[in-house]
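Below you'll find the structure, written out as structure tokens, and then a few comments.
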Number of protein chains: 2
Amino acid sequence: MPQYIKDRWDKMTPKLDYGIVIQNVVASINLFTTIDLVTAYQTLIDDDDLFVSYNPETFPGLILKIKKPKISSLVFSSGKLVLTGAKSTEMVHEGVVQMTKILRTVGTKIDEDPEIIVQNIVASGHFNHRTINLELAALWLEHSMYEPEQFPGLIYRLAEPKTVLLLFQSGNLVCTGAKTESQVRQAVENTYNTLDEINAFDF
Amino acid sequence: MPQYIKDRWDKMTPKLDYGIVIQNVVASINLFTTIDLVTAYQTLIDDDDLFVSYNPETFPGLILKIKKPKISSLVFSSGKLVLTGAKSTEMVHEGVVQMTKILRTVGTKIDEDPEIIVQNIVASGHFNHRTINLELAALWLEHSMYEPEQFPGLIYRLAEPKTVLLLFQSGNLVCTGAKTESQVRQAVENTYNTLDEINAFDF
DNA sequence: CAACTATTTAAAAAGCTTTTTATCTCAAGT
DNA sequence: ACTTGAGATAAAAAGCTTTTTAAATAGTTG
């Protein structure tokens, strides 16, 4: 499509302006090995650069937090981990490298390349700072829940992409459940268009 | 009936294959005496081979557990007991012998032969590992209850023999309420035939 | 006269435990 | 007044608990 047609199209259907900031990326990792959590705990507990917690009677995973990059992880004896707190997929990979180094120091044998799967992306954002009439939105949005006395945000379950958005009167939002940044953008755009269609914006 | 006719019969009506393992036999016992539970508790509490518990304000029976055979019993001041955890009727009898010995050491006079009545047999089993369509089974089985969100098994109340079976999608089952091993077999066979008739098996 | 107290046992699904993160409202405690 | 925490959302990991069924026993409570 030639550029002049694209420009004309954009003029006819101006893009809805919005903002998105990825706040948390959760990933599951498989190191294809087994880990002695008791030894790991005893060895790492004295390291001031780390936070380590292990209470198998309440939770089977060992909690390990590192500072660079600032990431938390749940380490399981099966060799699988869960990383949380990353601000990007790239940061998840850096985190895996660091966690792997630490686990090797406690005697864990890691030969294969770790399998990394992003399981959830949480993002905050806004619809160009336009405030929302949540009562009206709750009335017209399918699969929405709005109980302000329980929680101030409207809970909106989007089918495609399969995500959940928390919409606030201020026009701010939280999107969770996405597996890629693209899905986050699509979720916010779809929701923005729908809110516009049902005239849920105050202006 | 001559063997050749038996063989021919078996060929015409091949036995449905299934498995049964008795997991728990519950029996009530009457020692025809009275038992001082406070004395029994104080005397037996120091024996490391036994587990003893007695809280009359919450339950009137004294709880006594032995290791050989591994059986638990509820002992009442009336001289009656309830044995649970046995894997066979024979094991119940061994349990009564051991329990009797222990109760004599705490001053209980036992002259008559104990009356032993098997009250319930619990068994696990399978229908030759054939998986079941529980939705279909629930539709056609009389006296059946199936609420997967509450419990994954279908509850089937058999009239003859009067038992209750828990049927699972995997083809595994639990039979309870029977008073003899024969009743367990009959219950499983009857249920197997019925499930076959209503085509509840996936293959 | 039920229903609860307590004991045992299998099945399997679902729910809880923990971690992270933004958002906003209301409550309690400093 | 001011801060903190809980309320709701998603996702993974793995271990535990709850759910259901039957039966006897014998106290208490509704």
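Just the heavy atoms: all of them, side chains too, but no hydrogens, waters or symmetry mates, feed the values below. Just so it is clear: chains get the letters A, B, ... in the order the sequence lines come, proteins before strands, and each one is counted from 1.
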What contact category does A:Val164 fall into here, base, sugar-phosphate, or nothing, at under 4.0 angstrom with non-hydrogen atoms?
sugar-phosphate
Would you indicate what B:Gly85 reaches in the nucleic acid, counting non-hydrogen atoms under 4.0 angstrom: base, sugar-phosphate, or nothing?
sugar-phosphate
Looking only at side-chain N and O atoms, does A:Ser170 come under 4.0 Å of OP1 or OP2 in C:dC24?
yes
So, does B:Lys162 get its side chain near the phosphate of D:dA22, meaning an N or O under 4.0 Å from OP1 or OP2?
no
What distance separates A:Leu173 CG from A:Ile132 CD1, expressed to the nearest 0.5 Å?
7.5 Å
Does any donor-acceptor pair link the side chain of B:Thr176 with the base of D:dA22 at a separation under 3.5 Å?
yes
Is there a donor and acceptor pair closer than 3.5 Å between the side chain of A:Asn120 and the base of D:dA10?
yes
Out of D:dG27, C:dT8, D:dA12, whichever nucleotide has its closest atom nearest the side chain of B:Thr84
C:dT8
Neighbour count >12 (heavy atoms, 6.0 Å) for atom CD, B:Gln186
yes
Can you tell me if A:Lys70 touches the phosphate of C:dT19, counting only side-chain N or O atoms and a distance under 4.0 Å to OP1 or OP2?
no
What is the distance, rounded to the nearest whole Å, between atom CG of B:Leu167 and atom C1' of D:dT20?
13 Å
Donor-acceptor pair, side chain of B:Asn55 and main chain of B:Glu57, under 3.5 angstrom:
no
Nearest-nucleotide comparison on DNA chain D, the residue closer to the 5′ end among B:Gln119 and A:Pro56:
A:Pro56
Name the closest nucleotide to the B:Ser77 side chain, picking from D:dG27, D:dA13, C:dT17.
D:dG27
Quick one: CG on A:Leu136 to CG on A:Leu154, what's the gap to the nearest 0.5 Å?
11.0 Å
Interatomic distance, A:Ile116 CD1 vs D:dA12 P [rounded to whole Å]:
17 Å
For A:Arg130, is there an ion pair with A:Asp196 - N to carboxylate O distance below 4.0 angstrom?
yes
B:Ile29 has an atom CD1; how far is it from atom P of C:dT7, in whole Å?
17 Å
Please tell me which of the listed nucleotides, D:dT19, D:dA13, C:dA22, lies nearest to the side chain of B:Pro152?
D:dT19
Selected nucleotide, minimal atom distance to B:Lys80 side chain, candidates D:dT25, C:dA12, D:dA10:
D:dT25
Rounded to whole Å, CG of B:Leu166 lies from P of C:dA13 at a distance of 14 Å
So what does B:Ser53 touch, heavy atoms closer than 4.0 Å: a base, only the sugar-phosphate, or nothing?
nothing
Are A:Phe151 and D:dA8 stacked, counting the six-membered base ring, centres under 5.5 Å, planes under 30°?
yes
Between D:dC16 atom P and A:Phe59 atom CZ, what is the distance in whole Å?
13 Å
A:Glu149 atom CD, over 12 foreign heavy atoms within 6.0 Å:
yes
Whole-Å distance between C:dT19 P and A:Tyr54 OH?
15 Å
Write down the distance between NZ (A:Lys179) and P (D:dA11), rounded to a whole number of angstrom.
6 Å
Classify the nucleic acid contact of B:Thr163 as base, sugar-phosphate or nothing, counting any heavy atom under 4.0 Å across all strands shown.
nothing
Would you say a side-chain N or O of B:Lys87 is under 4.0 Å from OP1 or OP2 of C:dT9?
no
Contact class for A:Ile63 vs. all strands (heavy atom < 4.0 Å): base, sugar-phosphate, or nothing?
sugar-phosphate
Under 4.0 Å from OP1 or OP2 of D:dT20: is there any side-chain N or O of B:Gln150 that close?
yes
For B:Phe168 and C:dA11, are the ring centres under 5.5 Å apart with planes inclined under 30°?
no
Could you work out how much the helix from C:dT7-D:dA24 to C:dT30-D:dA1 bends, comparing the axis of its first five pairs with that of its last five, to 10°?
110°
Please work out if B:Leu74 contacts a base, only the sugar-phosphate, or nothing of the nucleic acid, heavy-atom cut-off 4.0 Å.
base
Indicate, with a heavy-atom threshold strictly under 4.0 Å, whether A:Ser72 touches base, sugar-phosphate, or nothing.
sugar-phosphate
Round to a whole Å and report the spacing from CD of B:Glu57 to C1' of C:dC4.
15 Å
What I want to check is whether an N or O donor and acceptor connect the side chain of A:Asn172 with the base of C:dT23 at under 3.5 Å.
no
Nearest heavy atom decides the nucleotide; on that basis, is A:Asn24 or A:Gly171 closer to the 5' end of DNA chain C?
A:Asn24
What nucleic acid atoms does A:Ser78 come within less than 4.0 Å of, heavy atoms only: base, sugar-phosphate, or nothing?
sugar-phosphate
Check B:Tyr18, B:Tyr192, B:Phe168, B:Phe203 against B:Phe127 for a ring pair (Phe, Tyr, Trp, His ring centres under 6.0 Å) and give me the one that passes.
B:Tyr192
Please examine the side chains of B:Asp36 and B:Val106, heavy atoms only from C-beta on, and report whether any two atoms are closer than 4.5 Å.
no
Would you say the side-chain atoms of A:Gln23 and A:Lys87 include a donor-acceptor pair closer than 3.5 Å?
yes
Between the side chain of A:Ser73 and the main-chain N/O of A:Leu64, is any donor-acceptor distance below 3.5 Å?
yes
